[in-house]
Each structure stands twice: as C-alpha cells, then as structure tokens.
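Reckoned from all heavy atoms, side chains included, excluding hydrogens, waters and symmetry mates.
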Amino acid sequence: MGLAKLEKRVGFIGAGQMAEALARGFISKGVLEASSMIATDPVAARREVFQSFDVKAVTTNVEVVKESDIIFVAVKPQYVEPVLKEVRGHLTDRHTIVSIAAGKTLASLKGAAGDDARIVRVMPNTPCLVGETASAMCLGGQANDEDAENVRSLFSSVGRIVQVDEKMLSAVTGLSGSGPAYVFLVIEALADGGVKAGLPRDISVALAAQTVLGSAKMVLETGKHPGLLKDMVTSPGGTTIAGYHELEKAGVRAGLINAVVAATNRADEIS
Ligand code: NAD
C-alpha cells in the first residue's frame, strides 16, 4: 500500500538494525525515496548495508545533520547524549530530532540537544523489524504538531504509532514494548496444544502464529470490541466455549493483566 510522500530529508545517526528496518520501510511504502535519506555509522559493514539499497552513507554525524530535516538518533542508549552533544552546534530550527532509544527521557535529550531543539521521543517495539511495530511517541522541547505529523506518517509505514504524554511511556513499555514476548509465549503454548492433540510441530506453529495474526487484524480492521469478536465465535454448547472456559479457569486473563502491570512497574524502577 502506498502512503503519501513526505517532502523531507531524513538522516540516521547509527545505521544499525532499527535504522535499517525504518529506512527499508519508508522506501517500500513510498513515504521517502532512497535519495532523500542519509545515514552514518562508524562500522563500514553497516554503511555498506545502507548503500546496498541506495541510501547515501557517510562517516561523520555532522554531515547527516547538515543534509537532513528529520534526524533519527538510532544508536544504543548510552551513546545518545554524546552524539547529540557532538552535533548540537549544527542544529537549526529546521531540524526535528527523533530518539528511539529505550529509557532516554525528554529531559535528558533536551539537556544534550539544547533548549531550542524540537525533540520527539519514540518507543518502538521489535516487530518494527518486520514492518509491524506498535510504537508510541511523545513530544519534547520545542516540538510541534507538524513534527508529530511527520513522525506519524513515517512510522505508519512500519506499523502504527500513537501519541501519549511521557508519563505513560512506562505503561507503553509494559504493554507493547514487552508484549511481543507475551505473545510469543501464547503462540508457543497454542502450538504445544496442537502437538498434544496430534498435529506435527511445524504445522502447529504455523497455525498458531497465523491465528494470532488474523485475530489481531480482525480487532484492528473491524474496530469491534474483542469481547464481541469472541462472542461471535463461541456457539452455544460448542467447542470454543469449552476451550475458553479452561483459559478462564487457568486465570489467563489475570496473568496477562499482571504481566503488563509488573513490566510497567519495572520500567518505572529502572528509568
Ligand atoms: P544496533 O546496535 O543495531 O545499531 C546501533 C548502531 O549505531 C550500530 O551500527 C553502531 O555501529 C552505531 N554507532 C555506535 N556509535 C555511534 C556513533 N557515535 N555515531 C553513529 N553511529 C554509532 O542497535 P538497534 O537495535 O538498532 O538499536 C538502536 C536504538 O533503538 C537503541 O537505542 C535501542 O534502545 C532502540 N530500540 C531498539 C529496538 C529493537 O528492537 N532493536 C526496540 C526498541 C528500541
């Protein structure tokens, strides 16, 4: 599906896994041309990856800043502040800074980039690597609605993004940040059930994963309450309500609620 083209130049400081996933997504969904992007990385092999899909790759972070409107800081969290301090003298009012680093607060980003910087903090999750991220963003510094709109249109090419206040980011971490691990557990357990009931492992895993994918799509595309969708597939005295009753007896619902809350609390502790 093609999305509206963004008339901005986008740079990546750090050309690692996340930057690559984002850049490839922007190109494949038509949001940006490869020629509108530039990346920097000290590792030659990472620059070569970007060059392989026609994105200019350079060795200095300042060059990326000079050639970009929107700058993704896509280095590991401990390098974010040093990198921002390094390029700070070259930031102007045309720049938007987007940090995807886990745990780096808007206050610390602003401290490193300066009071005038327009900063957007994004909390992506790993399915970004396959173009299906569930991300959240919050605005800091002088960031405005146009910055939010630009970041929204970029992330719409690699999944979905919602805007929240920064105080909600721990809950986002507990839900969508850690959530893939919970869903992997659910898929593995469903597949185990299939195997116990007599299916070969590979068929069981494929059916379990596709069932999760399809069910998620039904929630997103119909907009119907998940409880209503569940009611629609549970016929009176049928198979599904028999299985569903076992999930309720096992406390699956409370287990998932507790998982999100525990991960949220842990995110608060370590931030
Ligand atoms: P990565 O290690 O694959 O990429 C980081 C890149 O930065 C490396 O290629 C490294 O060579 C480069 N780099 C190091 N120092 C640099 C410098 N001074 N200037 C320019 N480049 C430099 O890491 P990643 O998995 O892509 O993660 C990037 C950021 O995304 C992290 O801050 C992480 O917290 C965040 N994040 C990642 C995921 C994920 O699923 N991988 C999910 C959520 C958030």
> Do F12 and L129 share a hydrophobic cluster (ILVMFWY, side-chain heavy atoms under 4.5 Å, transitive)?
Replying inline: yes

> How far does OG1 of T133 sit from CD1 of I100, to the nearest 0.5 angstrom?
Replying inline: 9.5 Å

>> So does A191 get a backbone contact from the side chain of S204, meaning a donor-acceptor N/O pair under 3.5 Å?
In response: yes

> Which pair of heavy atoms, one from I97 and one from A113, lies closest together, and at what distance?
Replying inline: CD1-CB, 3.9 Å

> Checking R118 side chain against D93 main chain: does a donor-acceptor pair fall under 3.5 Å?
Replying inline: yes

> Could you go step by step and tell me if Q78 and K104 meet the side-chain contact (heavy atoms from CB on, under 4.5 Å) rule?
Replying inline: CA-CA 9 Å; Q78 67 269 31; K104 283 284 147 200; over 6 Å; no

>> Quick one: does any side-chain atom of S178 pair with a main-chain N or O of L175 as donor and acceptor, under 3.5 Å?
In response: no

> Which is it for D69 and R94 under the salt bridge (Lys or Arg N to Asp or Glu O under 4.0 Å) test, yes or no, and what are the steps along the way?
Replying inline: CA-CA 6 Å; D69 306 305; R94 91 179 153 107; 3.0 Å; yes

> Which is it for C128 and L22 under the side-chain contact (heavy atoms from CB on, under 4.5 Å) test, yes or no, and what are the steps along the way?
Replying inline: CA-CA 7 Å; C128 192; L22 291 168; 3.8 Å; yes

>> Please check this pair: side chain of R9 against backbone of S35, looking for a donor-acceptor N/O pair closer than 3.5 Å.
In response: yes

> When clusters are formed by joining ILVMFWY residues with side-chain heavy atoms under 4.5 Å apart, either directly or through shared neighbours, do L109 and M18 land in the same one?
Replying inline: no

>> So, taking the atom named OG in S156 and the one named CD1 in I161, what distance separates them when rounded to the nearest 0.5 Å?
In response: 8.0 Å

> Is the number of heavy atoms from other residues, nucleotides or ligands under 6.0 Å of Y182 OH greater than 12?
Replying inline: yes

> Going through the distances and angles, do D147 and R152 end up as a salt bridge (Lys or Arg N to Asp or Glu O under 4.0 Å)?
Replying inline: CA-CA 8 Å; D147 294 312; R152 185 173 293 118; over 6 Å; no

> Which pair of non-hydrogen atoms, one from K29 and one from S157, has the smallest distance, and what is that distance?
Replying inline: CG-O, 3.4 Å

>> Does D231 have more than 12 heavy atoms from other residues, nucleotides or ligands lying within 6.0 Å of its CG?
In response: yes

>> Could you measure the distance from the CD1 atom of I270 to the CG atom of N265? Nearest 0.5 Å is fine.
In response: 11.5 Å

> Linking I/L/V/M/F/W/Y whenever any side-chain heavy atoms sit under 4.5 Å apart, do L213 and L220 land together?
Replying inline: no

>> Applying side-chain contact (heavy atoms from CB on, under 4.5 Å) to I71 and L91, what does each step give before you reach the verdict?
In response: CA-CA 10 Å; I71 302 158; L91 294 173; 3.9 Å; yes

> Hey, is E63 close enough to K66 for a salt bridge, meaning N to O under 4.0 Å?
Replying inline: no

>> Whether D192 and R201 form a salt bridge (side-chain N of Lys/Arg under 4.0 Å from carboxylate O of Asp/Glu) is what I want to check.
In response: yes

> Checking side-chain contact (heavy atoms from CB on, under 4.5 Å) for the pair L32/L154: CA distance, chi angles, key distance, verdict?
Replying inline: CA-CA 9 Å; L32 289 172; L154 288 170; 3.9 Å; yes

>> Test salt bridge (Lys or Arg N to Asp or Glu O under 4.0 Å) on K8 and E146; report intermediate values, then the result.
In response: CA-CA 12 Å; K8 295 283 178 191; E146 193 191 333; 3.7 Å; yes

> Using 30° and 60° as the class limits, which term best fits the ring planes of F72 and F155: parallel, tilted or perpendicular?
Replying inline: tilted

> Got more than 12 heavy atoms from elsewhere within 6.0 Å of CD, Q163?
Replying inline: yes

>> Is there a path of hydrophobic side-chain contacts, each under 4.5 Å between heavy atoms, that joins Y79 and V73?
In response: yes

> Taking it one step at a time, do D268 and S170 satisfy side-chain hydrogen bond (donor to acceptor under 3.5 Å, both in side chains)?
Replying inline: CA-CA 6 Å; D268 275 334; S170 293; 2.7 Å; yes

> Are V43 and F50 connected in a single hydrophobic cluster, I mean Ile/Leu/Val/Met/Phe/Trp/Tyr linked by side-chain heavy atoms less than 4.5 Å apart?
Replying inline: no

>> With a 4.5 Å cut-off on side-chain heavy atoms, are V252 and E246 touching?
In response: no

> Quick one: does T40's side chain have a donor or acceptor within less than 3.5 Å of a partner on V58's backbone?
Replying inline: yes

> So, do S68 and I38 sit near enough that their side-chain heavy atoms are less than 4.5 Å apart?
Replying inline: yes

>> Any non-hydrogen side-chain atom of V55 less than 4.5 Å from a side-chain atom of I27?
In response: yes

>> Closer than 3.5 angstrom, by distance alone: can the side chain of H95 be matched with the main-chain N or O of A117 as a donor-acceptor pair?
In response: no

> Closest heavy-atom contact between N150 and L6?
Replying inline: OD1-CD1, 3.4 Å

> Within the distance-only criterion (no hydrogens, no angle test), does the side chain of R47 pair as donor or acceptor with the backbone N or O of D41 below 3.5 angstrom?
Replying inline: yes

> Looking at CG of L229 and NZ of K224, how far apart are the two atoms once the value is rounded to the nearest 0.5 Å?
Replying inline: 7.0 Å

> For the residue pair G14 and A74, what are the closest heavy atoms and their distance?
Replying inline: O-CB, 3.7 Å

> With distance as the sole test, does N61 use its side chain to make a donor-acceptor pair with the main-chain N or O of I13 at under 3.5 Å?
Replying inline: no

>> Show the nearest heavy-atom pair for residues A208 and I187, with the distance to one decimal.
In response: CB-O, 3.7 Å

> Counting only heavy atoms not in D202, do more than 12 sit closer than 6.0 Å to its CG atom?
Replying inline: yes

> Which heavy-atom pair separates G174 from T264 by the least distance, and what is that distance?
Replying inline: CA-OG1, 3.7 Å

> Roughly how far, to the nearest 0.5 Å, is the CE atom of M123 from the OG1 atom of T173?
Replying inline: 3.5 Å

> How long is the span from the CG atom in N144 to the CD atom in E149, to the nearest 0.5 Å?
Replying inline: 11.0 Å

